[in-house]
Every structure is written in C-alpha cells, then in structure tokens.
Amino acid sequence: MKEVQDHWFRLAKERGYRARSAFKLLELQERHKLIHRGDRILDAGAAPGSWTQVAADIVGQRGRVEAVDFKLIDPRGLPPHVGLHQADLRTISSETLGGHLFNAIISDMAPDTSGVPMADAAISCRLCNELLDRCRALLRPSGNLLMKVFEGADYPELLRRTTGLFNKAGACKPKASRAESVEMFIWAKGFRGVNDADVADAPHIRPPPGAGWSSSSR
Ligand SMILES: C[S@@+](CC[C@H](N)C(=O)[O-])C[C@H]1O[C@@H](n2cnc3c(N)ncnc32)[C@H](O)[C@@H]1O
C-alpha cells in the first residue's frame, strides 16, 4: 500500500505538481470531461494548488481559474490566468470572484479531520450541501461540478440532491485516492439552473431513481 502512495508522490514531484491530488483530477477529467479549453473554473478548497495547476493547463490562457481556500496559496509558478483568494468558499461574494458565472466548479474541500469518521463525514457532506446551495449564484446553467465528499450516512441523499439539480451525475473513486480513505468524488454535468424548491415543485424534472447515475467500482 505504501508503495502505491509513494508512486503518486514521486510522480507528482517529477511532474512539478504541488500535491498527488493532481492525479485524481486528471483521472476524473479524463473520464468525465468536466473542464474545457477557455472555461472559467472555480477551484474550491484549492491549497496547496495542484488542482489549480491542472485546471489552469486545461483551460489555457484564454480561460480563467479562481482558486479559493482558507489557506494562503503560493502564487509562485502559477500562470497569470489564475486568481487566488484566501477566503471561505461558503461566504465569498461572486463579485470578488469576478462577477461572472463559472463553466465548472471543482471542489476538493475537506474539513480538518477529527479522527471520528462519522463526524468528519457529516461535516464533509454539509460542506458539499453548502456548495450546492451556492450553485445558483456561481455556476452557469449547463455548467459542471466535481466535489469531494467523505462517504457517510448523509452521502446517498447528497448524491440524490445533486442528481436533481443536474442533467447527469454519478460518483467514483480515482486510483490515486487511498483505498482506505472514505473520500468519494461526485461529478455532475449540465446544471439545470434551478434550486431545490423548483425541483420539488416540478418532480418531472427529477430523473427516475438511478437514471443518469453511474458509480464506478472502487
Ligand atoms: C485536500 S485539500 C485541497 C488540495 C488541493 N485540491 C490540491 O490539489 O492542492 C482541502 C482544502 O480545503 C480547504 N477548505 C475546507 N473548507 C473550506 C472552505 N469552506 N472554504 C475554503 N477552503 C476550504 C482546506 O483549507 C484545505 O486546504
């Protein structure tokens, strides 16, 4: 197991990525094509910045990546089309982020772990729900979302909620994710530009159970 971890760590160093997490985003992007050239991307929970590096490469100079984290992100080596914000994603204003809606939001946000898995999973799920609450204000209709979550009791409802707000959603665990980790990645494509109340008022826009879901084996 340690050898597998060392492999990703070594590879990240070799390729100049700030963290091994870069390979999770690269794999998820390869599978689901969530980010495109020229896109405006919101990178939530971005420090130290390996997802920012990957996203900045994909969008190119005509795109833009706004990276937000509580922690300071070192600007050295990042290209000019990256904006850095030391802030709480739950409260940062969309004006601070440029005032435009994003083509995609990618979130690797994780709470500081307490060592109590059930409690950590509940906090992680709440964070994801808070991100979903902000999609109307931040994400373009038809935009895409990728978010990390610690799998726990609230996870199925989070996946259901995401599926209601997007045309297609699913969850998977990339190879670079530690096998023993409870982290999962929910991906969703085609934001409907609606909120939960709209979905509840018009159940026909919610897909039948299971539709559009795909879950890869771990
Ligand atoms: C696993 S790290 C992200 C790694 C990053 N994606 C990379 O590839 O370098 C999780 C980050 O989420 C941040 N975070 C957690 N909650 C947040 C919030 N509400 N607003 C902003 N950042 C948050 C933490 O400070 C932490 O740096």
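Computed from heavy atoms alone, side chains included, the values below leave out hydrogens, waters and symmetry copies. Remember, it's 1-based here, ligands and their atoms both numbered in the order they're listed. Just so it is clear, the model here is predicted, and its values are computed rather than measured.
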### Task
Carefully, step by step, assess Asp120 and Thr113 under the rule side-chain hydrogen bond (donor to acceptor under 3.5 Å, both in side chains).
CA-CA 6 Å; Asp120 293 339; Thr113 46; 4.7 Å; no
### Summary
The protein residues that pass the under-4.0 Å heavy-atom test against ligand 1 are Ser21, Gly45, Ala46, Ala47, Pro48, Gly49, Ser50, Trp51, Asp69, Phe70, Lys71, Ala87, Asp88, Leu89, Arg90, Asp108, Met109, Ala110, Leu127, Lys148
#### Entry: Check: Phe23 main-chain N/O paired with Trp8 side-chain donor or acceptor under 3.5 Å
no
### Summary
Contacts of Asn103 meeting side chain to side chain donor-acceptor pair (under 3.5 Å) (sequence neighbours excluded), chain-then-number -> none
#### Entry: Contacts of type salt bridge (charged side-chain N to carboxylate O under 4.0 Å, His left out), residue Arg62, not counting sequence neighbours
none
### Task
Could you name each residue pair satisfying salt bridge (Lys or Arg N to Asp or Glu O under 4.0 Å) that touches residues 37-61, not counting sequence neighbours?
none
### Message
Give me the atom names and distance for the closest heavy-atom approach of Gln29 to Leu34.
### Response
OE1-N, 3.1 Å
